[in-house]
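Worksheet: one structure, shown below.
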2 protein chains.
Amino acid sequence: MLPEELKGTRMSTAQNAIERFSRYQRQLVGDAQSAHCAVRDVLDRIGDKWSMLMIMELATRSQRFSALHRAIPDISKRMLTQTLRDLERDGLVTRHVFPTKPPSVEYRLAPLGQSLLDPMAALIDWADRRYSDIHAARVRFDGAHGDVPR
Amino acid sequence: MLPEELKGTRMSTAQNAIERFSRYQRQLVGDAQSAHCAVRDVLDRIGDKWSMLMIMELATRSQRFSALHRAIPDISKRMLTQTLRDLERDGLVTRHVFPTKPPSVEYRLAPLGQSLLDPMAALIDWADRRYSDIHAARVRFDGAHGDVPR
DNA sequence: CAGTATCCTTAGAGATACTG
DNA sequence: CAGTATCTCTAAGGATACTG
């Protein structure tokens with residue numbers, strides 16, 4: 001499902017992106033902080049080690065803290081909490097506390113988070129299809145530039 | 001322009017992504033190194049501080065080292081070199097040396113890099129359209145959870 | 001011009017132990 | 001169960017100076 005203003009035009013999505021990006025870049029250069037660059041903001045959110053993993057995990061089903069931890073065993077409780085808080089703060093995930101005797105907390109993907117699934121899908125698909133090319137390029141590069149120590 | 005196999009189906013792109021991701025995740029959990037997770041690999045490449053910026057800059061036009069540095073003034077030469085090397089290694093960018101008296105080197109987006117533009121466009125568009133929602137969510141969150149220290 | 005080399009400072013993240 | 005609180009380590013990245 002492509003965004004409406006892109007559907008409306010006959011331009012390719014990529015061309016659109018380039019032009020849109022030019023705007024961001026001008027903002028960026030003008031702004032020493034680069035604080036208001038929306039693209040950077042998004043990458044900072046999903047570009048970290050666990051956020052995208054978490055979003056995809058919650059996309060399959062809403063889950064409680066411990067279930068998430070079982071689903072992603074190699075994350076520490078510290079990072080699990082922190083990532084969930086960040087996602088909650090940005091409105092991508094909602095947190096629901098059930099006041100049972102041992103407390104239980106369920107995390108759900110908010111509508112805003114769900115709207116991220118399509119763009120992320122495009123990226124995942126690219127990764128899936130181009131991974132072998134990337135790997136081949138790496139082997140070629142490493143072969144050409146003798147990184148062989150020893 | 002969506003990938004062909006997604007066009008072919010009537011499933012939503014996001015649903016596809018979820019299922020595809022489930023596969024990755026199983027690989028991930030099974031593999032202690034998580035080395036062969038294509039999604040992580042992509043995020044590691046474009047999720048860093050400068051790669052996406054560089055790709056977009058080279059998408060508008062092929063450029064020489066110094067031109068890139070002028071276009072993105074707040075990057076250090078060290079990181080400019082390193083980011084370009086990484087992108088070159090992965091086959092996203094090609095490097096062309098012209099043996100002039102002071103050497104000149106031009107960087108171009110390789111076909112593989114160009115194929116990344118569409119998925120990235122989807123992400124940029126999302127960021128553009130949802131940024132205000134995210135910002136609002138943050139303000140709300142920060143207001144509710146008194147982060148106000150004094 | 002297009003880089004290297006070196007030093008140095010932080011932010012990201014793991015490990016562990018404790019708590020309402 | 002669902003977290004906090006510390007402590008620690010590493011790697012990303014900035015600053016600066018030098019070079020073919």
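Proteins come first, then strands; the chains are lettered A, B, ... in the order of their sequence lines, and each starts at number 1. Computed from a predicted model, the values in this text were never measured in an experiment. Note: hydrogens, waters and symmetry copies are ignored here, and every other heavy atom, side chains too, is used.
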What is the distance, rounded to the nearest whole Å, between atom [atom1] of [X] and atom [atom2] of [N]?
X       : N      : atom1 : atom2 : value
B:Gln82 : D:dG13 : CD    : C1'   : 8 Å
A:Met79 : D:dA2  : CE    : C1'   : 17 Å
B:Gln63 : C:dC1  : CD    : C1'   : 15 Å
B:His96 : C:dA2  : NE2   : P     : 14 Å
A:Phe65 : D:dA2  : CZ    : C1'   : 6 Å
A:Leu80 : D:dC1  : CG    : C1'   : 12 Å
B:Asp74 : D:dG14 : CG    : C1'   : 12 Å
A:Leu84 : D:dC1  : CG    : C1'   : 14 Å

Within the 4.0 Å heavy-atom criterion, would you say [X] contacts the bases, only the backbone, or no part of the nucleic acid?
X        : value
B:Lys101 : nothing
A:Phe98  : nothing
A:Arg64  : sugar-phosphate

Tell me which nucleotide among [options] gets nearest to the side chain of [X].
X        : options              : result
A:Val105 : C:dG20, D:dG3, C:dG3 : D:dG3
B:Lys49  : D:dG14, D:dC1, C:dA2 : D:dG14
A:Pro103 : C:dT4, C:dC1, D:dA2  : D:dA2

Let me spell it out: for each of B:Ile75 and B:Pro102, pick the nucleotide of DNA chain D with the closest heavy atom. Which residue's pick is nearer the 5' end?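 The residue whose closest nucleotide sits nearer the 5' end is B:Ile75.
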Less than 4.0 angstrom between a side-chain N/O of [X] and OP1 or OP2 of [N], yes or no?
X        : N      : answer
A:Arg78  : D:dT6  : no
A:Tyr107 : D:dG3  : yes
B:Ser104 : C:dC1  : no
A:Ser76  : C:dA13 : no
B:Lys77  : D:dT16 : no
B:Arg95  : C:dG3  : yes
B:Arg85  : C:dA2  : no

Could you tell me whether a side-chain N or O of A:Thr83 sits under 3.5 Å from a main-chain N or O of A:Trp50, the two making a donor and an acceptor?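 Checking the backbone N and O of A:Trp50 against the side chain of A:Thr83, no donor-acceptor pair under 3.5 Å is found.
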Go through A:Asp133 and A:Arg130 one step at a time and tell me if the salt bridge (charged side-chain N to carboxylate O under 4.0 Å, His left out) criterion holds. CA-CA 5 Å; A:Asp133 295 336; A:Arg130 304 297 183 165; 3.8 Å; yes
Could you identify the nucleotide paired to D:dG20, looking across every strand shown and requiring Watson-Crick or G-U wobble geometry with both distances under 3.5 Å?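 The answer is C:dC1, by the H-bond criterion.
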Which residue is it: A:Glu57, A:His69, A:Arg108, A:Glu106? I am looking for the one with a side chain to side chain donor-acceptor pair (under 3.5 Å) to A:Gln63.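 It is A:Glu57; the other options fail the test.
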Joint hydrophobic cluster, B:Leu80 plus B:Val97, side-chain heavy atoms closer than 4.5 Å: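 Yes, it is one cluster - the side chains of B:Leu80 and B:Val97 are joined through contacts under 4.5 Å.
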Side-chain heavy atoms under 4.5 angstrom apart, residues restricted to Ile, Leu, Val, Met, Phe, Trp, Tyr: same cluster for B:Phe141 and A:Leu87?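 The answer is no; the residues belong to distinct hydrophobic clusters.
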What are the two closest heavy atoms between A:Ala110 and A:Gly91, and how far apart are they?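 Heavy-atom minimum between the residues: CB-O, 3.4 Å.
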